[in-house]
Q: 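This is the structure, below, for whatever I ask next.
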Amino acid sequence: MSKFPDGFLWGGALAANQCEGAYLEDGKGLSVPDVIKGGTMDTPRKVTTTIHEGEYYPSHEAIDFYHRYKEDIALFGEMGFKCLRVSINWSRIFPTGEDEEPNQAGIDFYRSMFEEMHKNDIEPLVTLSHYELPFALAKKYGGWSNRKLIDLFVRYTKLCFTEYKGLVKLWITFNEINCLCAPFGNVMGAGIMPPEDNTLLDFSVKVEWDDEQRRYQALHHQFVASALAVKAAHEIDPENKVACMIASRAVYPYSCRPEDVLLAQKMERICNHYCGDVHARGAYPSWAPRLWEEKGVSIDMEPGDEQILAEGKVDFYTFSYYKSSTVSTDPTVEAGTGNVFYDDALNPYLKFSDWGWAIDPKGLRWYLNDMYDRYQIPLMVVENGLGAADTVEEDGSIHDDYRIDYMREHVEQMAEAVHDGVDLMGYTMWGPIDIVSAGTGEMKKRYGFVYVDKHNDGSGDLRRAKKDSFFWFKKVCETNGEELQDPSSAHGVIRDPCVYLAR
Ligand code: BG6
């Protein structure tokens with residue numbers, strides 16, 4: 001018997017702003033990520049108030065998925081993907097977010113993309129908001145801090161549910177909605193822009209212009225918008241299933257000191273349960289008022305909001321998992337690296353990626369069990385992967401055994417969790433084809449099974465090439481996760497030569 005249930009959704013996940021490019025083509029409006037420049041691990045990205053001509057913004061071309069989606073989806077089909085998670089760029093459908101009529105070219109583009117997936121036997125899983133927002137809404141309303149966005153979002157989502165009825169049945173409302181519990185969420189998650197041009201997106205230091213009150217209020221607006229979207233999705237097509245999406249944080253106490261244990265519990269609550277509870281239980285957790293009190297936050301709720309939340313519970317719970325984190329109240333404990341959310345302590349039992357993210361497959365099993373115990377609804381891992389620099393050999397091959405090892409170990413832990421009794425629907429790894437990094441804006445931080453000839457400075461001819469991991473994952477999909485060894489090392493099979501695809 002397979003370790004994974006029949007119909008398990010193996011596949012990959014992408015975000016429109018990180019792959020599509022064509023940032024003003026066919027009527028698309030400017031979007032928040034279009035004003036974020038490229039950076040590196042050591043040089044934070046900068047946010048501008050307008051486009052600075054002649055400067056490099058990674059989303060403008062990205063990997064040109066907009067024009068190449070057919071050949072890219074064919075590669076995913078060749079690997080045997082059962083599912084592809086993509087997102088819709090709101091500003092392709094409503095360029096300013098408030099247009100009287102939607103942009104037909106944008107609607108047609110996504111319809112064609114979903115049809116292409118079906119031709120390849122791939123089920124679309126569609127995120128309605130993945131770190132993007134029509135820039136006009138950010139400028140005019142201060143993004144999600146304004147309640148006005150709820151109605152605009154619901155209008156946009158209803159249009160998507162109606163237009164893509166029958167083509168898409170699996171939806172996610174907001175990507176990593178809990179990023180709004182940290183300064184990181186301001187720009188990417190909520191379109192709350194910094195007051196000055198060229199502001200650094202540096203999360204390793206205190207963000208001076210961050211306003212927690214505004215962020216938590218924006219999050220409340222997203223909760224209400226998400227709940228209304230869930231309700232609309234069910235009304236428009238009872239076959240629709242809608243999920244939330246949380247950036248998971250498996251939090252360990254650094255020591256068994258009660259202070260560390262309590263801090264770990266608090267962090268787990270803020271990072272996972274605060275949003276998970278509203279989405280999956282339909283209400284804020286009982287400890288939320290104390291959290292608001294401690295933060296000096298007061299949530300402005302309108303009459304009826306609580307009922308909307310209760311009526312808009314999600315059907316399944318999805319999350320990204322890259323790393324675990326370790327916390328301590330002891331300031332002398334050595335700090336960890338590569339943090340986006342909060343300051344972690346260095347976990348001495350783990351290894352770290354080149355971008356400083358703790359590699360912890362067992363943390364995934366822990367998280368799956370924890371969340372399933374709590375919510376008792378199907379779970380899905382919709383992001384997981386290793387961001388690494390790859391080397392293209394002289395013959396064009398790319399030997400990314402480190403990526404295979406990372407994913408194999410995580411898939412093994414998912415199998416353990418399924419054995420533990422977790423109802424797990426699928427696994428869409430992050431970035432099946434190399435795309436722009438959200439955090440650093442780099443191309444060098446690659447996740448893909450498919451290499452893209454594009455570099456940090458924007459150079460490259462965009463050709464695609466299969467990495468070794470391509471053949472490994474093909475085997476995983478074919479065997480429903482039974483065969484996890486690298487096919488060449490396990491059986492002496494000679495891989496297909498790495499093929500550069502002609503354009
Ligand atoms: C998740 C996001 O946080 O992590 C993705 O949903 C992002 O958009 C991914 O790309 C990996 O992060 P990064 O910074 O390595 O691109």
Side-chain angles (χ1 to χ4, degrees), residues 12-20 31-33 36-45 58-59 62-63 65 84-89 125-133 172-190 201-204 222 243-250 271-272 275 318-325 337-342 352-359 364 367 380-390 403 406-407 410 428-448 452 454 456:
L14 297 168
N17 80 80
Q18 292 169 256
C19 68
E20 283 177 6
S31 175
V32 167
I36 311 179
K37 293 180 184 172
T40 65
M41 186 181 168
D42 310 311
T43 324
R45 306 184 71 176
S59 74
I63 61 155
F65 187 71
L84 180 64
R85 175 180 171 225
V86 290
S87 69
I88 295 179
N89 222 323
L125 164 61
V126 177
T127 314
L128 291 153
S129 177
H130 190 132
Y131 289 166
E132 52 75 43
L133 179 77
I172 289 171
T173 51
F174 291 93
N175 179 65
E176 295 191 336
I177 191 166
N178 55 330
C179 69
L180 267 172
C181 297
F184 173 71
N186 277 310
V187 177
M188 301 238 196
L201 277 186
D202 185 356
F203 306 105
S204 60
Q222 291 194 346
C244 59
M245 201 293 205
I246 307 287
S248 71
R249 195 168 188 216
C271 301
N272 302 306
C275 296
T318 76
F319 62 95
S320 56
Y321 179 87
Y322 294 92
K323 64 202 264 300
S324 60
S325 66
T337 56
N339 303 313
V340 173
F341 285 92
Y342 298 89
F352 294 81
S353 78
D354 290 345
W355 271 261
W357 291 12
I359 299 175
L364 175 57
Y367 188 81
M380 183 161 171
V381 182
V382 294
E383 287 187 31
N384 169 247
L386 180 71
D390 293 325
R403 187 168 290 113
Y406 178 99
M407 266 185 278
H410 284 79
T428 52
M429 57 72 72
W430 180 249
I433 181 166
D434 295 343
I435 52 177
V436 174
S437 156
T440 66
E442 289 173 279
M443 278 304 299
K444 187 177 172 192
K445 191 181 186 192
R446 297 172 183 277
Y447 288 87
V452 177
K454 173 106 192 231
N456 279 3

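In listed order, ligands and their atoms are each counted from 1. Keep in mind it's a predicted model, so treat the numbers as computed, not measured.
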Q: Taking only heavy atoms of A438, which atoms of ligand 1 are found under 4.0 Å from at least one of them?
A: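 So the atoms of ligand 1 that pass are 7 (C), 8 (O), 10 (O), 13 (P), 14 (O), 16 (O).
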Q: Show which atoms of ligand 1 fall inside a sub-4.0 Å distance from at least one heavy-atom site of Y447.
A: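 Once the distances to Y447 are compared, the set is 11 (C), 12 (O), 13 (P), 15 (O).
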Q: Identify the closest protein heavy atom to atom 4 (O) of ligand 1: which residue and atom is it, and at what distance?
A: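 Looking at atom 4 (O) of ligand 1, the protein heavy atom closest to it is E383 OE1, 3.3 Å.
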Q: Tell me, which protein residue and heavy-atom name are nearest atom 9 (C) of ligand 1, and how many Å apart are they?
A: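 Ranked first by proximity to atom 9 (C) of ligand 1 is Y322 OH, 3.3 Å.
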Q: Can you tell me which residue and heavy atom of the protein come closest to atom 3 (O) of ligand 1, and the distance to 0.1 Å?
A: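 Result: E176 OE1, 2.6 Å.
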Q: Please report which non-hydrogen protein atom sits nearest to atom 14 (O) of ligand 1, along with the residue it belongs to and the distance in Å to one decimal place.
A: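 Sorting protein heavy atoms by distance from atom 14 (O) of ligand 1 puts G439 N, 2.8 Å first.
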Q: How close do V382 and R85 get, heavy atom to heavy atom, and via which atoms?
A: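 So the minimum-distance heavy-atom pair works out to O-NH1, 3.4 Å.
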Q: What is the closest protein heavy atom to atom 12 (O) of ligand 1, and at what distance does it sit?
A: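 For atom 12 (O) of ligand 1, the nearest protein heavy atom comes out as W357 CH2, 3.6 Å.
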Q: Using a strict 4.0 Å cut-off to heavy atoms of N175, name the atoms of ligand 1 that fall inside it.
A: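 Those of ligand 1 that fall under 4.0 Å from N175 are 6 (O).
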Q: Got the closest protein heavy atom to atom 13 (P) of ligand 1, with its distance?
A: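 Sorting protein heavy atoms by distance from atom 13 (P) of ligand 1 puts S437 OG, 3.5 Å first.
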Q: Between P58 and I36, which heavy-atom pair has the shortest distance, and what is it?
A: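 Heavy atoms only, the tightest pair is CD-O, 3.4 Å.
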Q: Give me the one residue out of W430, Y447, Y322 that meets side chain to side chain donor-acceptor pair (under 3.5 Å) with E383.
A: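 For E383, the side chain to side chain donor-acceptor pair (under 3.5 Å) check succeeds only for Y322.
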Q: Tell me whether ligand 1 is touched by H130 - counting only heavy atoms on the residue side and a distance under 4.0 Å.
A: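 Judged by the 4.0 Å heavy-atom criterion, H130 does count as contacting ligand 1.
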Q: Will you find, in the side chains of Y131 and Q18, an N or O donor that is under 3.5 Å from an N or O acceptor?
A: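 Short answer, no.
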Q: If every non-hydrogen atom of S87 is compared with every non-hydrogen atom of E20, which pair is closest and at what distance?
A: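 That closest heavy-atom pairing would be O-OE2, 4.1 Å.
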Q: Write out the residue and atom name of the closest protein heavy atom to atom 10 (O) of ligand 1, then the distance separating them to 0.1 Å.
A: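 Ranked first by proximity to atom 10 (O) of ligand 1 is Q18 NE2, 2.9 Å.
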Q: Between I435 and ligand 1, which residue portion shows a heavy-atom distance shorter than 4.0 Å: side chain, backbone, both, or neither?
A: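 Within the 4.0 Å criterion, I435 makes no contact with ligand 1.
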Q: How close do E132 and N89 get, heavy atom to heavy atom, and via which atoms?
A: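 In this case the closest contact between E132 and N89 is OE1-OD1, 3.3 Å.
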Q: Could you tell me which non-hydrogen atom of I246 sits nearest to which non-hydrogen atom of C275, and how far apart they are?
A: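 Closest approach of I246 to C275, heavy atoms only: CD1-CB, 3.6 Å.
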Q: Taking 4.0 angstrom as the limit and counting only heavy atoms of K445, give me the atoms of ligand 1 inside it, by number and element.
A: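 By the 4.0 Å cutoff, the relevant atoms are 13 (P), 14 (O), 15 (O).
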Q: Short question: side chain of N384, backbone of M429 - any donor-acceptor pair under 3.5 Å?
A: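 Pair absent, no side-chain N/O of N384 close to backbone of M429.
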Q: Identify the two heavy atoms, one from G439 and one from R45, that lie closest to each other, and give their separation to 0.1 Å.
A: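 Between these two residues, the closest heavy atoms are O-CD, 3.5 Å.
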